[in-house]
Enquirer: 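Below is the structure I would like to discuss, written out as structure tokens.
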Amino acid sequence: MRKPVISLLLAALLLSPLFPAAAAEIRISAAASLTNVVKALVADYQQEHPASRPLPNFAASGALAKQIVAGAPADIYVAADPNWLDYLQQQGLLAADSRKTLAQNSLVLVGTTEVEIASLADLLKLQRLALGSPRSVPAGRYAEQALSAAGLYPQLLAGNRLIMAKDVRQALLYA
């Protein structure tokens, strides 16, 4: 994640005409994978704008989108999956010209150094592998696609080696 790019874009969003200079709550619904960076950006923003009240809400992109459809207030929605932006747009809850790409995901492997991993095929050496559930977590879908392209996903799944997490934060905790 490139913090300067996200920082500039989030600052631009916060400073846009949508948010007057007067003290106001700014409700930010952001994907759980962005928790650390959004918290840091909010802290920086509040130092420069002490009258502002950014209120971050972190969860899976789909859960956040469903909250918004159900009436939860959100001034800024940062999703990890563009499909949820499409969904909100179809519901009439997202202006067509408001979409911006702030960051991109990268698949990473986190673990101990007990097993040397030099290629995807080496993942078969692991007893367990945690990833976000492909049914609900964009990064999980990306991992499933990469593992399937390498011919490994069916083997890992059949061997009960995959531990499905509700989001990337939980997958990191499992690791």
Side-chain angles (χ1 to χ4, degrees), residues 1-110 131-149 164-173 175:
M1 201 86 34
R2 295 186 317 193
K3 183 179 173 186
V5 172
I6 295 173
S7 178
L8 290 174
L9 291 171
L10 190 55
L13 287 171
L14 292 172
L15 296 173
S16 75
L18 296 173
F19 304 103
E25 290 182 347
I26 304 166
R27 294 170 204 91
I28 305 166
S29 290
S33 58
L34 297 171
T35 299
N36 292 349
V37 71
V38 170
K39 282 183 177 182
L41 292 171
V42 163
D44 291 347
Y45 184 82
Q46 281 189 293
Q47 282 187 336
E48 294 178 24
H49 305 90
S52 70
R53 291 193 43 216
L55 302 171
N57 174 29
F58 302 103
S61 297
L64 294 169
K66 290 174 186 175
Q67 288 173 10
I68 293 167
V69 167
D75 299 306
I76 298 172
Y77 172 61
V78 185
D81 183 345
N83 292 327
W84 288 110
L85 293 167
D86 296 340
Y87 173 73
L88 288 179
Q89 197 162 356
Q90 291 165 359
Q91 300 296 315
L93 297 171
L94 182 69
D97 61 348
S98 67
R99 294 172 71 151
K100 307 284 184 239
T101 299
L102 301 177
Q104 295 180 353
N105 281 326
S106 295
L107 293 176
V108 297
L109 179 66
V110 177
L131 62 136
S133 174
R135 291 187 181 131
S136 60
V137 181
R141 273 198 310 282
Y142 309 147
E144 178 184 27
Q145 290 168 357
L147 293 169
S148 292
M164 301 300 177
K166 69 175 182 159
D167 58 37
V168 294
R169 309 278 305 168
Q170 188 177 55
L172 182 59
L173 288 173

Enquirer: For Ser29 and Ala74, which heavy atoms make the closest approach, and how far apart are they?
Expert: OG-CB, 3.8 Å

Enquirer: Can you see which heavy atom on Tyr45 is nearest to which on Ser52, and at what distance?
Expert: CE2-OG, 3.4 Å

Enquirer: Could you work out, with side chain to side chain contact (heavy atoms under 4.5 Å, CB included) as the rule, every residue matching Glu144, not counting sequence neighbours?
Expert: Pro134, Ser148, Tyr153

Enquirer: As an exercise, state the distance from NZ of Lys166 to CG of Leu173, rounded to the nearest 0.5 Å.
Expert: 9.5 Å

Enquirer: Can you tell me how far the CG atom of Asn57 sits from the CD1 atom of Ile28, to the nearest 0.5 Å?
Expert: 10.0 Å

Enquirer: Quick one, Leu131 and Met164 - any side-chain contact, counting heavy atoms below 4.5 Å?
Expert: yes

Enquirer: To the nearest 0.5 Å, tell me how far Leu88 CG sits from Tyr77 OH.
Expert: 5.5 Å

Enquirer: Any donor and acceptor pair, going by atom type alone, linking the side chain of Ser33 with main-chain N or O of Val168 inside 3.5 Å?
Expert: no

Enquirer: When rounded to the nearest 0.5 angstrom, what distance separates CG in Asn83 from CZ in Arg141?
Expert: 6.0 Å

Enquirer: Which heavy atom of Phe58 sits nearest a heavy atom of Ala31, and at what distance?
Expert: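 Minimum heavy-atom contact is CD2-O, 4.1 Å.
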
Enquirer: If you round to the nearest 0.5 Å, how far is CG of Leu93 from OH of Tyr87?
Expert: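 So the OH of Tyr87 and the CG of Leu93 are separated by 8.5 Å.
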
Enquirer: Shortest non-hydrogen contact from Asp167 to Ala32?
Expert: OD2-CB, 3.9 Å

Enquirer: Roughly how far, to the nearest 0.5 Å, is the CG atom of Asp81 from the CG atom of Leu64?
Expert: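 The CG atom of Leu64 sits 12.0 Å away from the CG atom of Asp81.
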
Enquirer: Is any side-chain heavy atom of Gln91 less than 4.5 Å from a side-chain heavy atom of Ile68?
Expert: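 Not touching, per the 4.5 Å side-chain cut-off.
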
Enquirer: Using side chain to side chain contact (heavy atoms under 4.5 Å, CB included) as the criterion, list what pairs up with Ala60, not counting sequence neighbours.
Expert: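 Side chain to side chain contact (heavy atoms under 4.5 Å, CB included) list for Ala60, sorted by chain: Ala63.
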
